[in-house]
Structure formats: structure tokens, C-alpha cells
Colleague: 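Could you have a look at this structure, given as C-alpha cells, before my questions?
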Amino acid sequence: MIKDKNLIYIGTFGLLVRMLIFFVFYTHITIYPDSSGYINLAEHIAAFSYSDYDGARTPGYAIVLALSFGNLYITLFYQFLFGIVSAILWYLLLQNLRFSKKQSLYITLFLQTFIHVYFFETAILMESFILVLISLIFYLITLNKHTFLIHLTLSLLFGYLVLTKPFYLYIPFLLYGFWFLKDPKNLKLLASRFIILVFPVVAYLGWSSVIKKHHGYFSSTTLMGVYLSQNVVRFAEKSPDEFKWLSEPYVAYRDEAIKENKDIAMSIWYAYDDGAYDTYGMEFSELSKVLTKYAKVTIANNPMEYVHQVIFYSWRDFWKPTIYWNYNDFNFKYANKLFRGIWYIQEPILYLFRFVFLLLVPVLLIKAIKNRRIDIGFIIMSVIFIASILQALLTYGTNNRFSFPFEFLIIISVLMYFKERDWWFLKPLVNKFKF
């Protein structure tokens, strides 16, 4: 029997909202260009075969699809379940951060009111799965229990997270670094904690070895060249002559995208999909390998343009809230306008939390240096802020998706900061409702 009735409230609320949205308003599975890559890999996994796979996607999320036995509605069921589990983990995590049960309940329900969470769950994208993994990881971290079993569990979770999105390999190393700085002399504890690095490194090296074996170069994905080249889109023509055969079609499709008011971040994809490089008879993985060299040289030759691109486009986009749906596929007329209206209200709220979070970054950094203490608030802030920088350095495109799995941590970080200051900005409300 569940002793804490708040868990029932959270689970019931999450279930009812999902049923309302899916069965009444949006009985639809949202497919995006990225979805096909996961579905394709899932089919290979189900067949226990790698032959003819292009190496674009990693297997973490594709395994979830494979376990759906080719039925994407089962995948949606899994993702709804992930969403409910995530909310329960937020509630428990908040209590680990010394919020009261009532505060934890209210904040968790508040987090569950944002509709983009539910629409991500109706899309064949990895974000909902990453969200539950990160929620579980930070729940375990905030338990503040330093046993070998906890460290081993974290290592396994980090390993699977890296198999899902290799980009997140930095998190276990960052966490271990902070642990080392907090207690550098406790060798026994550091040795126990070292296990958190093992499985993520094995996952990264293992999958990269698969790419090396089948595609000839060591990388976690054959998309790396495309990712890097997207970050040179605004100065793609400023490359050595040896890469003109790459840059000229790229620039042509970029200029066409500008004229047609299309997303210029996807210009390299427009060129590839339209067959601009077909005459060279290269497989996708081979072209991406050359694109990696092209992007690196172009960036090295144009460092200021690259910095401008990273700061004012790639990094900025990370902080934009986003919603993934097919706006014209709602079940009845004006339902889309209803949800668009809700999103117009919620989007500024999410922008506000992001803005306050960014204001708190230097505050928390100065506090940590001044007090010579690394607390959980500083760790959470560092993980999110470093993610924003790393993703901006690596690619330009759907960067706003990268912040979604950290959104609950952004909001919790802001609330935690003000809680430590006795909720001064909410004093009248706190006193009235005994929050």
C-alpha cells in the first residue's frame, strides 16, 4: 500500500491529463525527420542485424522502439509511462532538496501543467526518454547516499544515457570532478565513486567501435560531420579551395533557404536530400566524414565567425522553449487554437524561469568560490549551463530541443534559490496558504 497519498495524486493527475489530451484532442503520433532514423535502427535491432544501417543514430532510444514490436502506439504508452514516472521522481527529488511534502506536491503539479511535456510524449523523439533517465539520475544524486550500489546504479544509468545520446558523456565526468573537489582525501570513497565513469565510457567506446568497424572512422555517430557543418552555415563559403565541391552547393541551398524563409540550419540537409552530392558516389557516412574535415578547417580559418554563430544562434536557441506537435492534426476544429492559446501563456513563464536561471549562474558561481563549497544547487546549475555551451559548440539546428530534459531542473533551481531566501517574493502567498 502506498503510504504517501501525494504519489497517487501525482500519478492520477498525470494519467488523466494524458488521457484527456490523447483520446479527446490529439489522437496522433507525431513523426519528424529524426524519427525515421530511430525507427530504422529499431528494425535492425529487432532483426539482430546491422547490415545496411547508416550509423546515424545510437541504440538507446531505438531499443525502446524495438520493444514496441513495430507498434508506435505501444511506444506512446511507454512514453506516457515515462512521463508519469518522471513526475513522481520530481516529487521525491524535491523532498531530497528539503522542500516539504506540500511544497513538493504543488511544484510537481505545476511542472505537469506545461502542455509541451505531453506533446513531446506523442512524438517519436528521444526527449521524453532522456527526461526520465535524467530525472532518475538526479533523484539518486540528491539522495546523498554514497554507497557502492548507488554509484553502480548511477554508472549503469549514465551508460544507457550515453547510448541514447553520447553528448551526455560529460555529466558523469563533471560529477566525479565535483566529488573529487569536495573530498579529495577520501580515497576509499573516490574509488567507490569511480565506477560511475566505467559504464558510460564503455558505452561510448563500444558504440564508436561499431561505427568504426562498419563505416571506417571512430565516432559515436556518422552524423557528426553534418552536425559540425551546420555550425558553419553563415560562413560556409569561407573554406579552402579543396572543399569547394562541398561548400558551393551548401551555400547555394543556404541562399535559397534565406530567400524562401526556410530554416537555414537545415541547408546541408536540403543539399543532401536534393542529391547535390550524388555525383560523387559517396555513402552518407563517407560524406559525413569529409564534412567533418571541411567544418573543422572552416572553423579554424574563421574563428570569430564561429564564435558569433555559437553565441548568437546556437547557444541562444538552447534557451528557447519549444513544443513539438502537428498543429493541423488535432481531432476537431479549434482544438489547435485552444492549445496554442495555452502555450502562448505558458511559453513566457518558461522564458522567465530561463532568464532568472541565467541571472543566477554568476551568483551561484561566486557563492561557490566565496564559500569554497560545492552544493547540489551549484552542481545542477553547472550541468545545465555546460550542456548549453557544449551543444552550441557542436551543432546548430534543433538546439531548443536540447534544453527540454533539463527544464524541470531549471525551474527547481530557481525555486530552490528563493526557498533558501525564505520565499521573500512570495511571502504574502506563502503565509496565506501555508505553502
Colleague: May I ask you to check whether over 12 heavy atoms, not counting those of K262, lie within 6.0 Å of atom NZ?
Modeller: yes

Colleague: Looking at OH of Y417 and NZ of K419, how far apart are the two atoms once the value is rounded to the nearest 0.5 Å?
Modeller: 14.5 Å

Colleague: Tell me the closest heavy-atom pair linking G60 and T164, and the distance in Å.
Modeller: CA-OG1, 3.5 Å

Colleague: Determine whether a donor-acceptor pair (N or O, by modelled atom type, separation under 3.5 Å) exists between the side chain of R254 and the backbone of Y250.
Modeller: no

Colleague: Got a donor-acceptor contact below 3.5 angstrom from the Y61 side chain to the I130 backbone?
Modeller: no

Colleague: Taking the ring centre of each residue, are F332 and F25 less than 6.0 Å apart?
Modeller: yes

Colleague: Going through the distances and angles, do D4 and Q95 end up as a side-chain contact (heavy atoms from CB on, under 4.5 Å)?
Modeller: CA-CA 12 Å; D4 190 344; Q95 291 180 69; 4.2 Å; yes

Colleague: Centre-to-centre under 6.0 Å for F404 and H116, is that the case here?
Modeller: yes

Colleague: So with a 6.0 Å cut-off around CG of D278, is the heavy-atom count from everything else above 12?
Modeller: yes

Colleague: Donor-acceptor check, side chain of T12 to backbone of Y9, threshold 3.5 angstrom: yes or no?
Modeller: no

Colleague: Identify the two heavy atoms, one from S219 and one from M224, that lie closest to each other, and give their separation to 0.1 Å.
Modeller: OG-CB, 3.8 Å

Colleague: Determine yes or no for a side-chain-to-main-chain donor-acceptor pair under 3.5 angstrom, with N336 supplying the side chain and N328 the backbone.
Modeller: no

Colleague: Report the C-alpha separation of S314 and Q309 in whole Å, then their side-chain angles, then the decisive distance to 0.1 Å, and conclude whether the side chain to side chain donor-acceptor pair (under 3.5 Å) test is met.
Modeller: CA-CA 6 Å; S314 304; Q309 164 68 36; 3.3 Å; yes

Colleague: Is the shortest side-chain N to carboxylate O distance from E305 to R234 below 4.0 Å?
Modeller: no

Colleague: Within this structure, what is the NE2-CZ distance for the pair H28 and F119, rounded to the nearest 0.5 Å?
Modeller: 10.5 Å

Colleague: Evaluate the ring planes of F110 and F353, with Trp represented by its six-membered ring, and classify them as parallel (under 30°), tilted (30 to 60°) or perpendicular (over 60°).
Modeller: tilted

Colleague: Please report the C-alpha distance between T108 and F13 in whole Å, then the side-chain angles of each, then the deciding distance to 0.1 Å, and finally whether the side-chain contact (heavy atoms from CB on, under 4.5 Å) criterion is met.
Modeller: CA-CA 10 Å; T108 302; F13 179 85; over 6 Å; no

Colleague: Could you go through the side-chain contact (heavy atoms from CB on, under 4.5 Å) check for L415 and L94 one step at a time?
Modeller: CA-CA 10 Å; L415 295 178; L94 284 160; 6.0 Å; no

Colleague: Please give me the minimum heavy-atom distance between P200 and S155, naming the atom from each residue.
Modeller: CD-O, 3.5 Å

Colleague: Step through it carefully: locate the ring centre of Y50, locate the ring centre of H214, and say whether they are under 6.0 Å apart.
Modeller: yes

Colleague: Please check: side-chain N/O of N302 versus main-chain N/O of F235, any donor-acceptor pairing under 3.5 Å?
Modeller: no

Colleague: Could you tell me whether the side chain of T292 and the main chain of S288 form a donor-acceptor pair under 3.5 Å?
Modeller: yes

Colleague: If I take atom CD1 from residue I258 and atom OG from residue S267, how far apart are they, to the nearest 0.5 angstrom?
Modeller: 7.0 Å

Colleague: Give me the ring orientation class for F178 and F378: parallel if the planes are under 30° apart, tilted from 30 to 60°, perpendicular past 60°.
Modeller: perpendicular

Colleague: Hey, does the side chain of R18 reach the backbone of G14 with a donor-acceptor pair shorter than 3.5 angstrom?
Modeller: yes

Colleague: For the residue pair F199 and L152, establish whether any side-chain heavy-atom pair is separated by less than 4.5 Å.
Modeller: yes

Colleague: Before you tell me yes or no, could you show the steps for S285 and T222 under side chain to side chain donor-acceptor pair (under 3.5 Å), namely the whole-Å CA-CA distance, both residues' side-chain angles and the distance that decides it to 0.1 Å?
Modeller: CA-CA 5 Å; S285 59; T222 56; over 6 Å; no

Colleague: Quick one: does N231's side chain have a donor or acceptor within less than 3.5 Å of a partner on L393's backbone?
Modeller: yes

Colleague: Test side-chain contact (heavy atoms from CB on, under 4.5 Å) on Y277 and M282 and set out the steps.
Modeller: CA-CA 8 Å; Y277 303 111; M282 303 174 73; over 6 Å; no

Colleague: Which atom names give the shortest non-hydrogen contact between A271 and P249, and what distance separates them?
Modeller: CB-O, 4.4 Å

Colleague: Calculate, to the nearest 0.5 Å, the distance between atoms OG and CG belonging to S35 and N40 respectively.
Modeller: 12.0 Å

Colleague: Taking all atoms of both residues into account, what is the closest heavy-atom pair of V201 and L169, and its distance?
Modeller: N-CD1, 4.2 Å

Colleague: Once rounded to the nearest 0.5 Å, what's the spacing between atom CZ of F22 and atom OG1 of T122?
Modeller: 8.0 Å

Colleague: With under 30° as parallel and over 60° as perpendicular, where do the rings of Y32 and Y324 fit, or are they tilted in between?
Modeller: perpendicular

Colleague: Evaluate the ring planes of F357 and W319, with Trp represented by its six-membered ring, and classify them as parallel (under 30°), tilted (30 to 60°) or perpendicular (over 60°).
Modeller: tilted

Colleague: F385 vs W315 aromatic rings, parallel, tilted or perpendicular, using cut-offs 30° and 60°?
Modeller: perpendicular

Colleague: For residues Y280 and W245, establish whether the separation of their ring centroids is below 6.0 Å.
Modeller: yes

Colleague: Mind checking the CG-CD1 spacing from L111 to I412? Nearest 0.5 Å is all I need.
Modeller: 6.0 Å

Colleague: I196 and P172: which non-hydrogen atoms are nearest, and at how many Å?
Modeller: CD1-O, 3.5 Å

Colleague: Is the W269 ring parallel, tilted or perpendicular to the Y272 ring (thresholds 30°, 60°)?
Modeller: perpendicular

Colleague: Please check this pair: side chain of D263 against backbone of A265, looking for a donor-acceptor N/O pair closer than 3.5 Å.
Modeller: yes

Colleague: Please find out if less than 6.0 Å separates the ring center of F120 from that of F82.
Modeller: no

Colleague: Should the ring pair W90 and F408 be called parallel, tilted or perpendicular, given that the plane angle runs from 0 to 90° and is split at 30 and 60?
Modeller: parallel

Colleague: Is the number of heavy atoms from other residues, nucleotides or ligands under 6.0 Å of R98 CZ greater than 12?
Modeller: no

Colleague: Pick one: which of V198, L197, I171 meets side chain to side chain contact (heavy atoms under 4.5 Å, CB included) with F158?
Modeller: I171

Colleague: Can you check whether G225's main-chain N or O pairs, donor with acceptor, with S229's side chain at less than 3.5 Å?
Modeller: yes

